[in-house]
Amino acid sequence: MPINASYQAIWNVVSSIPRGRVASYGQVARLAGLPGRARLVGTALGEAPSRQLPWHRVINAQGRIALPPNSPGFREQRKRLREEGVMVVKGRVDLRQYGWKTGSDSPLLD
DNA sequence: GACATGACATAAC
DNA sequence: CGTTATGCCATGT
């Protein structure tokens, strides 16, 4: 009942995003059984125990890092993504290449 | 309770 | 690539 359950579902999905891939807020919301609640994902990440969560693998639907450019969070996310081999150019990521396709690892576009 | 804000999305122009 | 509009909703004032 409490929104806590929703947060749990969200954190759960985020935790399952494979290394080197990224998912959009909306995608995470859908996978968490919360269609249309992309915003809640952002809120959940903000409240989340970032220590254990690959929050950096979540970006917006346009493949752009949602945090303010040049903010500490932005740089941290960019750094973590690059460390996983995800190319970030001008705060952007190519979703066709790094987007997380649930159920299989893009075997053709690698 | 009303109002404003924001790590968002989608559609339409 | 832009802007506007609408939907969404937890949080904070």
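Since we're looking at a predicted model, the values are computed, not measured. Here is how names work: the chains are called A, B, and so on, in the same order as the sequence lines, proteins then strands, and each is numbered from 1.
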Is there side-chain contact between [X] and [Y], with at least one heavy-atom pair below 4.5 Å?
X	Y	result
A:L34	A:L40	yes
A:M87	A:V93	no
A:L53	A:L45	yes

Which residues share a side-chain contact (heavy atoms from CB on, under 4.5 Å) with A:R64, sequence neighbours left out: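 A:R64 satisfies side-chain contact (heavy atoms from CB on, under 4.5 Å) with A:N60, A:Q62, A:R92 once adjacent residues are dropped.
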Qualifying residues under side-chain contact (heavy atoms from CB on, under 4.5 Å), relative to A:L31, sequence neighbours excluded: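 A:L31 satisfies side-chain contact (heavy atoms from CB on, under 4.5 Å) with A:V13, A:Q27, A:W100, A:T102 once adjacent residues are dropped.
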Side chain to side chain contact (heavy atoms under 4.5 Å, CB included) between A:R39 and A:Y25, worked out: CA-CA 7 Å; A:R39 243 172 166 140; A:Y25 294 87; over 6 Å; no
Verify the contact: side-chain N or O of [X] to OP1 or OP2 of [N], cut-off strictly under 4.0 Å; return yes or no.
X	N	result
A:R37	C:dC9	yes
A:Y7	C:dT11	yes
A:R30	C:dC8	no

Exercise: identify the closest heavy-atom pair between [X] and [Y]:
X	Y	answer
A:L81	A:H56	CD2-O, 3.4 Å
A:L95	A:A61	CD1-O, 3.3 Å
A:V88	A:R78	CG1-CG, 3.8 Å

Out of [options], which nucleotide sits closest to the side chain of [X]?
X	options	answer
A:T43	B:dA7, C:dC8, C:dT11	C:dT11
A:N60	C:dT11, B:dC8, C:dC8	B:dC8
A:L40	C:dA10, C:dC8, B:dA9	C:dA10

Nearest-angstrom distance, C1' atom, C:dT4 to B:dA7: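 The answer is 22 Å between these two C1' atoms.
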A:E47 or A:P35, whichever maps to the more 5' nucleotide of DNA chain C: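 Whichever sits nearer the 5' end wins; that is A:P35.
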Spacing of [X] atom [atom1] relative to [N] atom [atom2], expressed in whole Å:
X	N	atom1	atom2	value
A:L45	C:dT11	CG	P	13 Å
A:R39	C:dA10	CZ	P	12 Å
A:L34	C:dA10	CG	C1'	13 Å
A:I59	B:dG6	CD1	P	21 Å
A:L31	B:dC8	CG	P	18 Å

N/O to N/O distances under 3.5 Å, protein versus nucleotides 1-3 of chain B:
none

Of all pairs that satisfy ring-ring contact (aromatic ring centres under 6.0 Å, His included), the ones with a partner from residues 65-98 of chain A, not counting sequence neighbours: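 The answer is none; no pair qualifies.
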Residues touching DNA chain B, which here means a heavy atom under 4.0 Å, drawn from residues 66-74 of chain A: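 Here the set is A:A66, A:L67.
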Residues which pass salt bridge (charged side-chain N to carboxylate O under 4.0 Å, His left out) with A:E84, listed by chain and number, not counting sequence neighbours: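 In terms of salt bridge (charged side-chain N to carboxylate O under 4.0 Å, His left out), with neighbours along the sequence ignored, A:E84 is linked to A:R57.
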Backbone of A:W11 reached by a side-chain donor or acceptor of A:S15 within 3.5 Å: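 Such a contact is found between A:S15 side chain and A:W11 backbone.
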Sugar-phosphate only, base, or nothing, as touched by A:G46 at under 4.0 Å among non-hydrogen atoms: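 Base contact - A:G46 has a heavy atom under 4.0 Å of at least one base atom.
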Strand DNA chain B in bracket notation, Watson-Crick/G-U under 3.5 Å with | for pairs to another chain: .|||||.||||||
Contact list for residues 65-76 of chain A, test salt bridge (charged side-chain N to carboxylate O under 4.0 Å, His left out), sequence neighbours left out: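 Qualifying pairs, neighbours excluded: A:E76-A:R80.
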What does the list of N/O pairs under 3.5 Å between the protein and nucleotides 1-4 of chain C look like, with a distance for each?
| residue | atom | partner | partner atom | Å |
| --- | --- | --- | --- | --- |
| C:dC1 | OP2 | A:R92 | NH1 | 2.4 |
| C:dC1 | OP2 | A:R92 | NH2 | 3.1 |

Trace of the side chain to side chain contact (heavy atoms under 4.5 Å, CB included) decision for A:V58 with A:V14: CA-CA 8 Å; A:V58 184; A:V14 173; 4.1 Å; yes
